[in-house]
Amino acid sequence: MPTTLTDVFRGHPIHLPHSHQPDFTSLRELPDSYTWTPKDDLLFAAAPSPPATGENIPLIDLNHPDAASQIGSACRTWGAFQIANHGVPLELLQGIEFLTGSLFRLPVKRKLKAARSETGVSGYGVARISSFFNKQMWSEGFTITGSPLNDFRKLWPQLHLNYCDLVEEYEEQMQKLASKLMWLALNSLGVSEEDIKWASVNSDLNWAQSALQLNHYPVCPEPDRAMGLAAHTDSTLLTILYQNNTAGLQLFRDDLGWVTVPPVPGSLVVNVGDLFHILSNGLFKSVLHRARVNQTKSRLSVAFLWGPLSDIKISPVPKLVSPVESPLYQSVTWKEYLRTKAVHFNKALSMIRNHVEE
Ligand SMILES: O=C(O)CCC(=O)C(=O)O
Ligand SMILES: [Fe+2]
């Protein structure tokens, strides 16, 4: 049996008592433990991109004949893009938004019935990256790996089966879309199935696995001093994110600073993750991103975190490595990479980078 994502995460529990999770609706002021300064995160106050630059994350129509090259170019310059005409039915997106809203609207006591256990991955709790920061994030999350049946039964004694079906349908659609996007991006670099044997297009995707991360950012009394989800890159190949109609997601570009990803109804945001960065020998950039919060509107997001089975070795595609240089990254499995990430967090990619002789 290959190791599953659940097994991998289990080795790196989050040591935060769940009692830390406040009832956000009762707080009229930002507690000290939720007040961020540049000391807590170097990029906290980095300049937002001036609106006048007109630089915006690309919105790509998947039906456009040039979609592949547009995706490739977005992966190189932004490490992210939005997609329209992606084929995922609007009702399914509305369904998952409804489920997510219903979950986080439950009384705190009920949500805690499905709290992530000390050594577990699935369930309700704080952001997984919380352990790397001194301050708390203004958000709550719910992670799904495998079947959500056990947790959903505790949350919704009556409706859990309907909600399980919805999650299954959503994951199936996301899985297909993720593979399509990966291959469009790779084809734009001239990489074909011959070059990556483990990721066959026609293999009913039995080489891939995923997790679903539901996020809620409640209305916040002092959004400028709070952080919804601190800056990080995803450890995935690709992440497909659905966001509701409240802005909050920001991407970091060295030349622009933090750029907000405007919600476009019905569209999806796609992020290049660390594994795709490695696979493309650094041509595609895994994007640093974070979520800010809002004083009047709460925000929901659903991240489909997608990667290969935990024991598949990911190495830079030889075709993308110059014949006179060695690959930029060592080869790693998702399992090994997550272990490195659990220790080195945002420095994990540079930890597995091969040092070029001067
Ligand atoms: O809420 C968002 O927009 C970002 C969520 C995210 O980055 C994550 O769950 O990894
Ligand atoms: Fe993320």
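Computed from a predicted structure; not experimentally measured.
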Tell me whether the count of non-hydrogen atoms from other residues, nucleotides or ligands lying under 6.0 Å of [atom1] in [X] goes above 12.
{"X": "N134", "atom1": "CG", "result": "no"}
{"X": "K197", "atom1": "NZ", "result": "yes"}
{"X": "L42", "atom1": "CG", "result": "no"}
{"X": "N63", "atom1": "CG", "result": "yes"}
{"X": "K113", "atom1": "NZ", "result": "no"}

Less than 4.5 Å apart, side chain to side chain, heavy atoms only: is that true for [X] and [Y]?
{"X": "T100", "Y": "L103", "value": "no"}
{"X": "L249", "Y": "T260", "value": "no"}
{"X": "L237", "Y": "P308", "value": "yes"}
{"X": "L305", "Y": "L212", "value": "no"}
{"X": "V88", "Y": "Y242", "value": "no"}
{"X": "Q330", "Y": "N354", "value": "yes"}
{"X": "S267", "Y": "L59", "value": "yes"}
{"X": "L268", "Y": "L93", "value": "yes"}

Begin with the C-alpha distance, continue with both residues' side-chain angles, and end with the deciding distance and a verdict on side chain to side chain donor-acceptor pair (under 3.5 Å) for T233 and K341. CA-CA 10 Å; T233 60; K341 188 101 172 195; 2.9 Å; yes
Can you see whether [X] engages [Y] through a side-chain donor-acceptor pair at a distance of less than 3.5 angstrom?
{"X": "Q136", "Y": "S130", "result": "no"}
{"X": "S188", "Y": "S69", "result": "no"}
{"X": "R116", "Y": "T143", "result": "yes"}

Return the set of residues passing side chain to side chain contact (heavy atoms under 4.5 Å, CB included) with E222 (not counting sequence neighbours), or none when no residue passes. L30, R225
By the ring pair (Phe, Tyr, Trp, His ring centres under 6.0 Å) test, which pairs, at least two apart or in different chains, include something from residues 69-93? none
Ring pair (Phe, Tyr, Trp, His ring centres under 6.0 Å) assessment of W138 paired with Y217: CA-CA 6 Å; W138 195 263; Y217 306 91; over 10 Å; no
Over all atoms of both residues, closest heavy-atom pair of [X] and [Y]:
{"X": "F304", "Y": "A178", "answer": "CE2-CB, 4.2 Å"}
{"X": "A231", "Y": "N346", "answer": "O-ND2, 3.1 Å"}
{"X": "G95", "Y": "L166", "answer": "O-CD2, 3.3 Å"}
{"X": "I57", "Y": "P262", "answer": "CG2-CD, 4.3 Å"}
{"X": "L62", "Y": "A67", "answer": "O-CB, 3.9 Å"}
{"X": "L90", "Y": "G266", "answer": "CD1-CA, 4.0 Å"}

Check the pair F284 / F276 against ring pair (Phe, Tyr, Trp, His ring centres under 6.0 Å), numbers first and verdict last. CA-CA 7 Å; F284 296 154; F276 209 25; 5.1 Å; yes
Audit row: W334, W207, ring pair (Phe, Tyr, Trp, His ring centres under 6.0 Å) steps and yes/no: CA-CA 12 Å; W334 201 1; W207 56 268; over 10 Å; no
Would you please test Y34 and M137 for side-chain contact (heavy atoms from CB on, under 4.5 Å) and show each step? CA-CA 6 Å; Y34 286 83; M137 299 179 207; over 6 Å; no
Spacing of [atom1] belonging to [X] relative to [atom2] belonging to [Y], to within rounding of 0.5 Å:
{"X": "L112", "Y": "K154", "atom1": "CG", "atom2": "NZ", "value": "11.5 Å"}
{"X": "H344", "Y": "M351", "atom1": "NE2", "atom2": "CE", "value": "3.5 Å"}
{"X": "E140", "Y": "L214", "atom1": "CD", "atom2": "CG", "value": "10.5 Å"}
{"X": "M174", "Y": "L238", "atom1": "CE", "atom2": "CG", "value": "12.0 Å"}
{"X": "L181", "Y": "L186", "atom1": "CG", "atom2": "CG", "value": "11.0 Å"}
{"X": "K176", "Y": "S179", "atom1": "NZ", "atom2": "OG", "value": "10.5 Å"}

Verify side-chain contact (heavy atoms from CB on, under 4.5 Å) between S102 and W156, making sure each step is shown before the conclusion. CA-CA 10 Å; S102 315; W156 297 290; 4.2 Å; yes
Which is it for Y337 and L349 under the side-chain contact (heavy atoms from CB on, under 4.5 Å) test, yes or no, and what are the steps along the way? CA-CA 9 Å; Y337 188 71; L349 252 190; 3.7 Å; yes
Is there a ring pair (Phe, Tyr, Trp, His ring centres under 6.0 Å) between F104 and H216 once you walk through the steps? CA-CA 7 Å; F104 291 115; H216 174 222; 5.3 Å; yes
Can you check whether [Y]'s main-chain N or O pairs, donor with acceptor, with [X]'s side chain at less than 3.5 Å?
{"X": "R110", "Y": "L155", "value": "yes"}
{"X": "E336", "Y": "T333", "value": "yes"}
{"X": "H64", "Y": "D61", "value": "no"}

Identify every side-chain donor-acceptor pair in residues 285-303 under 3.5 Å, counting partners at least two apart or on other chains, and give the distances.
{"unit_1": "K285", "atom_1": "NZ", "unit_2": "G282", "atom_2": "O", "d": "2.7"}
{"unit_1": "S286", "atom_1": "OG", "unit_2": "D274", "atom_2": "OD1", "d": "2.8"}
{"unit_1": "H289", "atom_1": "ND1", "unit_2": "H232", "atom_2": "O", "d": "3.2"}
{"unit_1": "H289", "atom_1": "ND1", "unit_2": "V287", "atom_2": "O", "d": "2.9"}
{"unit_1": "H289", "atom_1": "NE2", "unit_2": "H232", "atom_2": "NE2", "d": "3.0"}
{"unit_1": "H289", "atom_1": "NE2", "unit_2": "D234", "atom_2": "OD1", "d": "3.2"}
{"unit_1": "R290", "atom_1": "NE", "unit_2": "Q250", "atom_2": "OE1", "d": "2.8"}
{"unit_1": "R290", "atom_1": "NH1", "unit_2": "F44", "atom_2": "O", "d": "3.1"}
{"unit_1": "R290", "atom_1": "NH2", "unit_2": "Q250", "atom_2": "OE1", "d": "2.9"}
{"unit_1": "R292", "atom_1": "NH2", "unit_2": "P223", "atom_2": "O", "d": "3.3"}
{"unit_1": "R292", "atom_1": "NH2", "unit_2": "D224", "atom_2": "O", "d": "3.2"}
{"unit_1": "R292", "atom_1": "NH2", "unit_2": "A226", "atom_2": "O", "d": "3.1"}
{"unit_1": "N294", "atom_1": "OD1", "unit_2": "T296", "atom_2": "N", "d": "2.8"}
{"unit_1": "N294", "atom_1": "OD1", "unit_2": "T296", "atom_2": "OG1", "d": "3.1"}
{"unit_1": "N294", "atom_1": "OD1", "unit_2": "K297", "atom_2": "N", "d": "2.9"}
{"unit_1": "Q295", "atom_1": "NE2", "unit_2": "P221", "atom_2": "O", "d": "3.0"}
{"unit_1": "R299", "atom_1": "NE", "unit_2": "T246", "atom_2": "O", "d": "3.0"}
{"unit_1": "R299", "atom_1": "NH2", "unit_2": "Q243", "atom_2": "OE1", "d": "2.8"}
{"unit_1": "S301", "atom_1": "OG", "unit_2": "N215", "atom_2": "ND2", "d": "3.0"}

Parallel, tilted or perpendicular: which fits the ring planes of F132 and F345, with parallel below 30° and perpendicular above 60°? parallel
Given the options D40, D32, D41, K135 meets salt bridge (charged side-chain N to carboxylate O under 4.0 Å, His left out) only with D40
Begin with the C-alpha distance, continue with both residues' side-chain angles, and end with the deciding distance and a verdict on side-chain contact (heavy atoms from CB on, under 4.5 Å) for L43 and W258. CA-CA 9 Å; L43 292 172; W258 288 108; 4.0 Å; yes
What about V321 and I352, same hydrophobic cluster or not, with Ile/Leu/Val/Met/Phe/Trp/Tyr joined at side-chain heavy-atom distances under 4.5 Å? no
